[in-house]
Amino acid sequence: MAKVAFLGLGVMGYPMAGHLKAAGHEVTVYNRTAAKAENWVAQHGGSWAATPREAVAGCDFVMACVGNDDDLRAVVQGDDGAFAGMGAGATFVDHTTVSAIVTRELAALGAEAGIGWVDAPVSGGQAGAENGQLAIMCGGAEAAFTAALPVMEVYAKAVEHFGPVGAGQITKMVNQVCIAGAVQSISEGLWFAMQAGLDAKKVAKLVSQGAGGSWQLANRAETMVDNQFDHGFAVNWMRKDLGIALEQGKEMGLSLPVTALVDQFYGEVQQLGGGRWDTSSLIQRFRKMNGEDL
Ligand SMILES: NC(=O)c1ccc[n+]([C@@H]2O[C@H](COP(=O)([O-])OP(=O)(O)OC[C@H]3O[C@@H](n4cnc5c(N)ncnc54)[C@H](OP(=O)(O)O)[C@@H]3O)[C@@H](O)[C@H]2O)c1
């Protein structure tokens, strides 16, 4: 069993750290809002620390799941950051969804101190974190990935290594690009069905069995028809992720037209007050255009 620190006890990090403790690892947690760290220790045991630097002392692995690029920098760098407390030979595993740019920058900084880096963004949402069923997309040196794999497997149903530092984050961008187009198509399809006077749930159930089927259609159509958007992964997070993907595409000289369009549509959903609705709320644009109360 390893000595592990977990930085960031949000919707995702709190249950992920809990799985590590339940598996028998020695876990110290850090959270910016200390009350959450105290609750976590009361629930799971282990210990908590007031700063990332204190939390990571003597650890083999440091896992993080915070918000965006700036938040990751805040827990890694500086006098109280994780790198100030990690020893050579330790591995930093970043589960936050961030840009490949910040990933490469921080990994290079860690390498100067002999610290390994695995970028390991996750997919599967709150339910996946709670049930220990996440899909984890990794980048980093082979040795760092191999060392971290048994620790990550505690909360994963699938873990893959895609290449050097940054490859995990780019894979997550692919994931978000695929989701954006799929959710917009399903929104159009369900709206089409409703306007044609069909039973849209019945339509979705049948279409799901054929070539038009997808995870999004099978798992989100009913609640989209019922006007319910509380599945966890928020529009605000999705805009962050699509922004990262569009920037990466620009750097590579690629055009991602559907992603750019759907990003704008999510911007409209934010203006409707839906920043915290889940990503299937794209259908609300149609309801709004139709003059319906949301
Ligand atoms: N939620 C999902 O379904 C989902 C799915 C896949 C991927 N993700 C990604 O996973 C990451 C975390 O998502 P989440 O839903 O768990 O977010 P969340 O509930 O908002 O939690 C964010 C965590 O990061 C901490 N944090 C934020 N900024 C910080 C800073 N500057 N310094 C120190 N700590 C900071 C927060 O501390 P406080 O408690 O003090 O605010 C909190 O513990 C994001 O990158 C998100 O895109 C989320």
Side-chain angles (χ1 to χ4, degrees), residues 5-19 28-41 48-56 62-84 93-100 102-103 106 119-138 152 155-159 168-169 171-180 183 215-216 219-220 229-245 266 275-281:
F6 205 107
L7 315 178
L9 302 175
V11 167
M12 303 298 282
Y14 194 103
M16 289 164 79
H19 286 295
T28 303
V29 295
Y30 158 79
N31 196 67
R32 178 178 56 183
T33 308
K36 270 194 225 169
E38 285 176 334
N39 285 347
W40 188 92
V41 171
W48 69 275
T51 65
R53 180 174 57 79
E54 291 167 43
V56 305
V62 177
M63 332 301 277
C65 192
V66 291
N68 59 23
D69 284 22
D70 289 343
D71 302 329
L72 182 63
R73 282 199 179 90
V75 295
V76 170
Q77 292 180 292
D79 291 347
D80 283 329
F83 279 0
V93 180
D94 178 32
H95 292 303
T96 318
T97 305
V98 291
S99 68
V102 76
T103 297
L106 294 176
D119 44 301
V122 302
S123 180
Q126 183 173 356
E130 289 173 354
N131 302 329
Q133 294 287 303
L134 293 168
I136 310 186
M137 312 152 210
C138 300
M152 294 188 285
Y155 38 66
K157 70 169 176 193
V159 190
Q169 292 296 350
T171 304
K172 173 75 183 186
M173 294 173 210
V174 173
N175 187 74
Q176 303 306 74
V177 165
C178 293
I179 290 175
V183 177
W215 186 95
Q216 294 287 342
N219 290 282
R220 294 291 180 263
F229 306 104
D230 51 8
H231 286 291
F233 188 70
V235 166
N236 289 340
W237 274 153
M238 188 59 164
R239 285 219 81 197
K240 163 184 70 89
D241 293 359
L242 296 181
I244 289 170
Y266 276 123
R276 301 194 71 86
W277 296 341
D278 78 65
T279 45
S280 65
S281 58

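Numbering of ligands and ligand atoms starts at 1, following listing order. Residues take their numbers from the sequence shown, with the count starting at 1.
- Close approach to Q126 involves these atoms of ligand 1, each under 4.0 Å from a residue heavy atom: 3 (O).
- With hydrogens left out, the protein atom closest to atom 33 (C) of ligand 1 is V75 CG1, 3.5 Å, a heavy atom.
- Residue contact annotation: S123 has no non-hydrogen atom under 4.0 Å from ligand 1.
- In H231, neither the side chain nor the backbone holds a heavy atom less than 4.0 Å from any atom of ligand 1.
- When the heavy-atom distances from atom 35 (C) of ligand 1 to M238, M12, R32 are ranked, the shortest goes to R32.
- Here's the thing with A74: none of its N/O atoms is less than 3.5 angstrom from an N/O atom of ligand 1.
- Contact check for W215 versus R220: side-chain heavy atoms found under the 4.5 Å cut-off.
- Minimum heavy-atom separation, S99 to Q169: O-CG, 4.4 Å.
- Looking at D71, its side chain does come within 3.5 Å of a backbone N or O of N68 through a donor-acceptor pair.
- In this structure, D69 and K240 have side chains that are not in contact, with every pair of non-hydrogen atoms separated by 4.5 Å or more.
- The heavy atom nearest to atom 18 (P) of ligand 1, out of those in T33, L7, V11, is found in V11.
- Protein heavy atom at the shortest distance from atom 4 (C) of ligand 1 is F233 CD1, 3.4 Å.
- In terms of heavy atoms, K172 sits closest to V122 at NZ-O, 2.7 Å.
- Considering backbone and side-chain N/O of T96, none are found under 3.5 Å from N/O of ligand 1.
- Between Y14 and W40, the ring-plane angle classifies as perpendicular under the 30° and 60° cut-offs.
- Only the side chain of K240 comes within contact range of ligand 1, with a heavy atom under 4.0 Å; no backbone atom does.
- The shortest distance between side-chain heavy atoms of Q126 and H231 does not fall below 4.5 Å.
- Ligand 1 has an N or O atom lying under 3.5 Å from an N or O atom of L9, backbone or side chain.
- The shortest N or O to N or O distance between W237 and ligand 1 is below 3.5 Å.
- When only interatomic distances are considered, the shortest N/O to N/O separation between D70 and ligand 1 does not fall below 3.5 Å.
- Between the side chain of N131 and the backbone N or O of Q133 there is no donor-acceptor pair closer than 3.5 Å.
- Interatomic distance, L106 CG to Q77 CD, rounded to the nearest 0.5 Å: 5.0 Å.
- Between L134, D71, T97, V66, it is V66 that holds the heavy atom closest to atom 11 (C) of ligand 1.
- Screening T279, D278, T97, V183 against M238 for a side chain to side chain contact (heavy atoms under 4.5 Å, CB included) leaves a single residue, T279.
- Within ligand 1, counting atoms from 1 as listed, the ones closer than 4.0 Å to a heavy atom of K36 are 38 (P), 39 (O).
- Regarding atom 21 (O) of ligand 1, its nearest protein heavy-atom neighbour is G10 CA, 3.3 Å.
- Residues V62 and V93 have side chains not in contact (no heavy-atom distance under 4.5 Å, counting atoms from C-beta outward).
- Which of D241, N68, N31 comes nearest to atom 37 (O) of ligand 1 through a heavy atom is settled by distance: it is N31.
- At a 4.0 Å heavy-atom cut-off, ligand 1 does not touch V98 at all.
- Near G8, meaning under 4.0 Å from one of its heavy atoms, ligand 1 places the atoms 43 (O).
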